[in-house]
Amino acid sequence: MKGLHMVGVRHAYGATQVLNNISLTVAAGELVCLLGPSGCGKTTLLRIAGGMETLQEGTVTIDEEVVAEARSQLPPEDRRIGYMFQDFALFPHLTILGNVTFGLFRQRKAAATKRAMEMLDQVGMAQHAEKHPHMLSGGEQQRVALARALAPEPRLVLLDEPFSGLDTNMRARIREETLSVLKQNNVATLMVTHDPEEAMFMADRIKVLGEGGRILQAGRPEDIYYRPADEYVARLFGHMNVIDGIVSEGNLNSSFGAIQVDDAEDGRPVRLLIRPEGVTLSDGDDRKGGTPVDVLSSHLLGDRSVVRLQLSEGVNSGAELQARIPGKFDMTAKGQIWAHVDPRHVFQYPQD
Ligand SMILES: Nc1ncnc2c1ncn2[C@@H]1O[C@H](COP(=O)(O)OP(=O)(O)O)[C@@H](O)[C@H]1O
Ligand SMILES: [Mg+2]
């Protein structure tokens with residue numbers, strides 16, 4: 001199969017194990033994202049795939065060619081890989097065109113220039129070909145870096161937190177453009193990031209890497225968000241509301257009523273995690289089966305508000321919850337507020 005295969009990769013720096021038996025596949029045309037907190041070994045894994053870090057254990061195969069195994073390893077320049085790394089900036093002394101033709105040293109000058117201009121055109125930067133990097137904005141430099149990575153028609157592209165230096169608006173635009181150019185070129189792409197939203201946006205498939213360098217869950221973005229395998233994965237996306245309880249007759253009794261618990265025996269302690277976006281509010285006479293809450297505070301974040309609530313009835317009375325609701329939440333003159341939970345945002349795990 002075309003694309004990248006990494007099998008059984010382990011890596012240690014001295015006595016510290018950072019990658020523990022990682023296997024992954026990225027097909028041609030596919031974008032796989034490795035998502036995990038800072039320090040969990042993401043950059044190390046990309047450097048192993050690229051050949052900048054010596055493989056210690058496992059194998060790396062690209063387009064059915066073994067490029068690294070314990071005894072023999074191809075140098076990076078022979079792997080036909082394109083890179084966009086945080087610290088892999090454009091060459092400041094070369095023009096934009098010079099930067100993109102740099103990786104095309106095997107071609108004649110005319111062919112290299114033609115190919116480089118084609119790629120600059122694809123990323124909308126052809127008119128800047130004669131400029132130097134310092135004359136471009138961060139987003140424009142990023143587009144050039146993408147053109148440079150793709151110009152030699154790599155078999156694999158490696159992206160290491162490629163948008164982290166850009167401001168919010170520019171980041172959203174550049175990642176959309178980058179995704180579209182990668183898909184047009186039908187190249188296998190392995191990207192790493194600590195930003196779950198970025199992973200959700202870019203990836204066909206996500207692999208969640210946890211502490212200790214193990215893959216905790218692999219799946220499509222919607223699997224990771226709607227069916228997180230454990231509490232750690234569920235919490236990647238930010239604050240979680242917690243309701244602990246004991247299973248009784250297949251249910252957990254809560255202020256929201258009896259919540260059905262899947263395959264759990266009576267008497268077992270379970271934990272419900274509820275995403276803030278899974279808590280909705282109604283007011284006044286519009287109880288709709290909700291539970292009464294006191295509003296502690298409300299903060300407008302832009303397109304949504306974060307509302308802190310305290311449950312005022314039932315077994316969880318006194319517990320605090322966070323709701324994330326669209327638009328601005330008006331705290332005044334609403335009368336009683338009722339909270340509801342959307343079952344799609346409620347996850348059940350055994351209590352530790
Ligand atoms: N060359 C190195 N020598 C020793 N330790 C390293 C080296 N490179 C990275 N580390 C350590 O290995 C762990 C993983 O690093 P890294 O792969 O950069 O993680 P990430 O990219 O997920 O933030 C970190 O604890 C880091 O400090
Ligand atoms: Mg890193």
Side-chain angles (χ1 to χ4, degrees), residues 4-26 31-60 62 67-68 70 73 75-76 79 81-90 138 141-142 145-146 148-149 154 156-167 171 174-175 178-179 182 188-203 205-219 221 224 228-230 232-238:
L4 170 71
H5 289 273
M6 298 180 86
V7 179
V9 172
R10 290 175 203 273
H11 200 86
Y13 293 111
T16 314
Q17 189 83 24
V18 290
L19 295 172
N20 199 339
N21 197 18
I22 303 292
S23 295
L24 58 84
T25 297
V26 189
L31 194 150
V32 172
C33 189
L34 204 65
L35 171 65
S38 183
C40 75
K42 303 182 298 294
T43 296
T44 302
L45 189 82
L46 281 200
R47 288 171 54 85
I48 292 169
M52 292 83 90
E53 187 73 50
T54 304
L55 177 79
Q56 295 173 351
E57 199 180 325
T59 56
V60 181
I62 303 173
V67 297
Q73 317 211 1
R79 294 193 184 190
I81 295 178
Y83 310 94
M84 260 170 83
F85 284 9
Q86 269 164 300
D87 52 359
F88 198 66
L90 300 176
Q141 291 188 26
Q142 212 62 8
L146 179 63
R148 180 177 65 177
L156 170 69
V157 169
L158 301 175
L159 307 178
D160 191 348
E161 318 242 7
F163 315 114
S164 53
L166 302 172
D167 63 53
R171 185 158 64 221
I174 294 290
R175 73 184 175 200
T178 301
L179 185 60
L182 288 167
T189 305
L190 179 61
M191 174 172 120
V192 304
T193 180
H194 68 276
D195 177 354
E197 200 180 293
E198 192 142 288
M200 294 290 286
F201 184 91
M202 298 284 287
R205 289 187 296 124
I206 294 174
K207 294 207 162 213
V208 179
L209 194 62
E211 318 258 325
R214 279 175 212 280
I215 290 174
L216 301 177
Q217 186 172 2
I224 307 291
D230 59 23
Y232 180 92
V233 177
R235 287 180 181 278
L236 280 178
F237 295 90

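Order of listing sets the numbers, starting from 1, for every ligand and every atom in it.
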Ligand-residue contact atoms, ligand 1 with Thr43, heavy atoms, under 4.0 Å: 17 (O), 18 (O), 20 (P), 21 (O)
In terms of heavy-atom contacts, does NE2 of His5 have more than 12 from other residues, nucleotides or ligands at under 6.0 Å? yes
With respect to the Mg ion (ligand 2), please indicate if Thr43 possesses an N, O or S atom at a distance under 2.8 Å. yes
Given Pro37, Gly39, Gly213, Gly36, which one has a non-hydrogen atom that is nearest to atom 20 (P) of ligand 1? Gly39
Using a strict cut-off of 4.0 Å, indicate which atoms of ligand 1 neighbour a heavy atom of Val18. 12 (O), 13 (C)
Tell me, which protein residue and heavy-atom name are nearest atom 19 (O) of ligand 1, and how many Å apart are they? Gly41 N, 3.2 Å
Under 4.0 angstrom from atom 26 (C) of ligand 1, is there any protein heavy atom? no
With atoms numbered from 1 as shown, which atoms in ligand 1 lie under 4.0 angstrom from a non-hydrogen atom of Ser38? 23 (O)
Quick check on contacts: which atoms of ligand 1 are under 4.0 angstrom from a heavy atom of Thr44? 15 (O), 16 (P), 17 (O)
Quick one: which of Leu159, Leu158, Val157, Leu156 gives a side-chain contact (heavy atoms from CB on, under 4.5 Å) with Tyr83? Leu158
Tell me whether Gln141 contacts the main-chain N or O of Leu90 through its side chain, where contact means a donor paired with an acceptor under 3.5 Å. no
Between atom CG of Leu146 and atom CD1 of Ile174, what is the distance when rounded to the nearest 0.5 Å? 9.0 Å
Taking atom CZ of Arg214 as the centre, does the number of heavy atoms from other residues, nucleotides or ligands within less than 6.0 Å exceed 12? no
Considering only the protein, which heavy-atom contact is closest to atom 3 (N) of ligand 1, and what is its distance? Tyr13 CD2, 3.4 Å
Nearest 0.5 Å please: distance from the CG atom of Leu55 over to the CZ atom of Arg10. 12.0 Å
Please indicate whether Glu197 has more than 12 foreign heavy atoms, meaning atoms of other residues, nucleotides or ligands, lying under 6.0 Å from its CD. no
